[in-house]
Chemist: 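A single structure is presented below for examination.
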Amino acid sequence: MIPVALNLSGVVESPSVGSTPYRIDRDGRPYVPVGDGGVVLGVHLGDALREVDGDHVAPGATLSHPDPAASLGLTSYACIGNPVVVRDGAAAGARGWVLGKRGEHGRVLVTLPDEALSVLQPGDGIAVRAYGQGAVLPGAPPGVQLLNLDPGMLAALGIAVDGDQVHVPVRAVVPGRLAGNGVGRPAHQWDVDLAFAAGDPVLAVLRLGDLVAVTDLDVRHNIGYRRGWLTVGVVVHGDSPQPGHGPGVTPVLTGPASAVAAVADLSVPTPLTWTSLSDRSVVAGGASTAR
């Protein structure tokens with residue numbers, strides 16, 4: 001198959017709030033959210049969620065587009081591992097990678113070097129070389145689908161077909177009843193929040209960039225409950241005090257639970273890192289390995 005890539009344009013967003021700066025936590029207390037959108041400094045892939053004090057905090061910058069339709073197009077086509085380059089402003093020329101998406105009418109998360117993030121400003125333009133949506137995992141059993149993932153990242157994430165199953169090493173396997181914000185939304189444009197209870201032992205060990213499997217969750221189209229299904233995704237933003245919210249997972253693989261062997265291992269290294277993004281497989285033109 002001929003690999004098809006798209007050049008897309010995004011704009012670094014500025015964090016926005018409503019007529020008051022407050023959100024309400026799960027116990028009814030108001031709080032001021034910090035780190036939700038814009039350019040976030042001091043947080044990196046591999047950081048433990050318990051060490052990130054904020055609301056929906058993602059490492060790097062959040063992109064959108066002033067044209068709502070273009071913003072949704074950006075979110076639909078951008079995939080984890082796609083290369084990005086800053087086109088203007090003080091950080092012009094800096095290169096990085098797509099690390100996930102946030103939904104909310106079209107928002108893409110990108111990671112860049114610290115020195116670029118320190119001078120990046122809301123309104124700066126960033127180009128995305130989008131590739132991967134609709135890719136097929138060679139040899140995958142019936143029903144298993146990839147989404148939101150540059151195929152060049154398969155090896156880095158440890159996703160491999162072995163006989164009649166797809167094997168994926170994950171930090172944890174969690175029940176679908178934790179799925180909160182994002183349910184009912186199109187999985188090619190949104191992440192899904194996992195609404196952990198305070199003190200949950202899994203929440204205590206999760207890191208930004210980890211892989212997590214969610215049982216009984218089908219994300220082939222709109223995110224929803226399906227008994228006997230399994231979805232694997234990348235943790236792309238931190239926890240939230242809001243009810244129904246929590247660590248955000250961008251889905252990358254979904255299929256029947258009998259066809260996906262997600263092996264939980266608390267000691268597994270965080271797979272999505274600056275190094276794994278930089279070392280992903282590439283072909284001419286910047287697009288990833290052909291599907």
Side-chain angles (χ1 to χ4, degrees), residues 8-16 33-47 49 52 54-65 71-86 91 94-114 116-117 120 122 124-133 147-150 153 157 181-182 185-194 206-212 233-240 245-252 270-274 276-278 280:
L8 303 176
S9 176
V11 176
V12 178
E13 72 170 14
S14 181
S16 60
V34 177
D36 186 0
V39 181
V40 173
L41 307 176
V43 180
H44 303 89
L45 289 168
D47 287 351
L49 300 192
V52 180
D55 189 15
H56 295 84
V57 177
T62 303
L63 307 184
S64 59
H65 195 283
S71 198
L72 290 171
L74 171 68
T75 312
S76 297
Y77 294 123
C79 290
I80 293 173
N82 288 164
V84 306
V85 59
V86 182
R95 297 180 179 273
W97 315 95
V98 172
L99 62 85
K101 50 191 67 177
R102 279 289 313 276
E104 306 293 347
H105 309 294
R107 301 166 79 199
V108 170
L109 305 172
V110 300
T111 183
L112 293 158
D114 285 348
L117 290 172
L120 194 69
D124 288 348
I126 294 184
V128 178
R129 176 64 61 87
Y131 176 73
Q133 216 61 287
L147 68 161
N148 300 326
L149 185 67
D150 187 314
M153 293 298 299
L157 299 186
N181 185 47
R185 302 287 188 171
H188 297 79
Q189 295 177 339
W190 282 70
D191 64 333
V192 59
D193 282 12
L194 300 178
L206 283 182
R207 296 178 175 273
L208 292 167
D210 275 350
L211 280 177
V212 174
V234 178
V235 178
V236 297
H237 70 66
D239 201 6
S240 171
H245 290 252
V249 173
T250 297
V252 297
T270 299
L272 190 69
T273 64
W274 183 264
S276 67
L277 287 164
S278 302
R280 86 201 210 299

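Values below: every heavy atom of this structure, side chains too, minus hydrogens, waters and symmetry copies. The shown structure was predicted, so the numbers you read here are calculated from the model rather than taken from an experiment.
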Chemist: What are the two closest non-hydrogen atoms of S64 and G106, and how far apart are they?
Modeler: CB-O, 3.6 Å
Chemist: Would you call P59 and D47 a side-chain contact if the rule is heavy atoms closer than 4.5 Å?
Modeler: no
Chemist: Kindly compute the distance separating OG1 (T250) from CG (L147), expressed to the nearest 0.5 Å.
Modeler: 9.5 Å
Chemist: Nearest 0.5 Å please: distance from the CG atom of D210 over to the CG atom of L49.
Modeler: 7.5 Å
Chemist: In Å and rounded to the nearest 0.5 Å, what is the CG to CE distance from L272 to M153?
Modeler: 5.0 Å
Chemist: What closest approach, in Å, do N148 and K101 show between heavy atoms, and which atom pair accounts for it?
Modeler: OD1-NZ, 3.0 Å
Chemist: Could you go through L109 and R102, starting from their C-alpha distance and side-chain angles, then the distance that decides it, and tell me whether this counts as side chain to side chain contact (heavy atoms under 4.5 Å, CB included)?
Modeler: CA-CA 7 Å; L109 305 172; R102 279 289 313 276; 3.6 Å; yes
Chemist: Are side-chain heavy atoms of V98 and C79 found at a separation under 4.5 Å?
Modeler: no
Chemist: What are the two closest non-hydrogen atoms of L8 and Y77, and how far apart are they?
Modeler: CD1-CB, 3.8 Å
Chemist: Closest approach of W274 and G96, non-hydrogen atoms and distance?
Modeler: CH2-CA, 4.0 Å
Chemist: For G209, is there any backbone N or O sitting under 3.5 Å from a side-chain donor or acceptor partner on T270?
Modeler: no
Chemist: Do S240 and D55 have a side chain donor and acceptor closer than 3.5 Å?
Modeler: yes
Chemist: Which pair of heavy atoms, one from H105 and one from L72, lies closest together, and at what distance?
Modeler: C-CD2, 3.6 Å
Chemist: With a 4.5 Å limit on heavy-atom distance, are the side chains of L211 and V234 in contact?
Modeler: yes
Chemist: For L157 and L149, run side chain to side chain contact (heavy atoms under 4.5 Å, CB included): C-alpha distance rounded to whole Å, both residues' side-chain angles, the deciding distance at 0.1 Å, then the answer.
Modeler: CA-CA 10 Å; L157 299 186; L149 185 67; 3.7 Å; yes
Chemist: Would you check if the side chain of E13 reaches a backbone N or O of P122 as a donor-acceptor pair within less than 3.5 Å?
Modeler: no
Chemist: Quick check: closest heavy atoms across A78 and V108, and the distance to 0.1 Å?
Modeler: CB-CG2, 4.0 Å
Chemist: Quick one, V192 and N181 - any side-chain contact, counting heavy atoms below 4.5 Å?
Modeler: no
Chemist: Please report the C-alpha distance between I126 and L112 in whole Å, then the side-chain angles of each, then the deciding distance to 0.1 Å, and finally whether the side chain to side chain contact (heavy atoms under 4.5 Å, CB included) criterion is met.
Modeler: CA-CA 11 Å; I126 294 184; L112 293 158; 4.1 Å; yes
Chemist: Any side-chain heavy atom of L45 sitting closer than 4.5 Å to one from L277?
Modeler: yes
Chemist: Any side-chain heavy atom of P247 within less than 4.5 Å of one from D193?
Modeler: no
Chemist: Distance from T75 atom OG1 to R107 atom CZ, nearest 0.5 Å?
Modeler: 9.5 Å
Chemist: How far does CG of D239 sit from CG of L206, to the nearest 0.5 angstrom?
Modeler: 9.5 Å
Chemist: If the test is side chain to side chain donor-acceptor pair (under 3.5 Å), which one of R185, H237, H56 qualifies with D191?
Modeler: H237
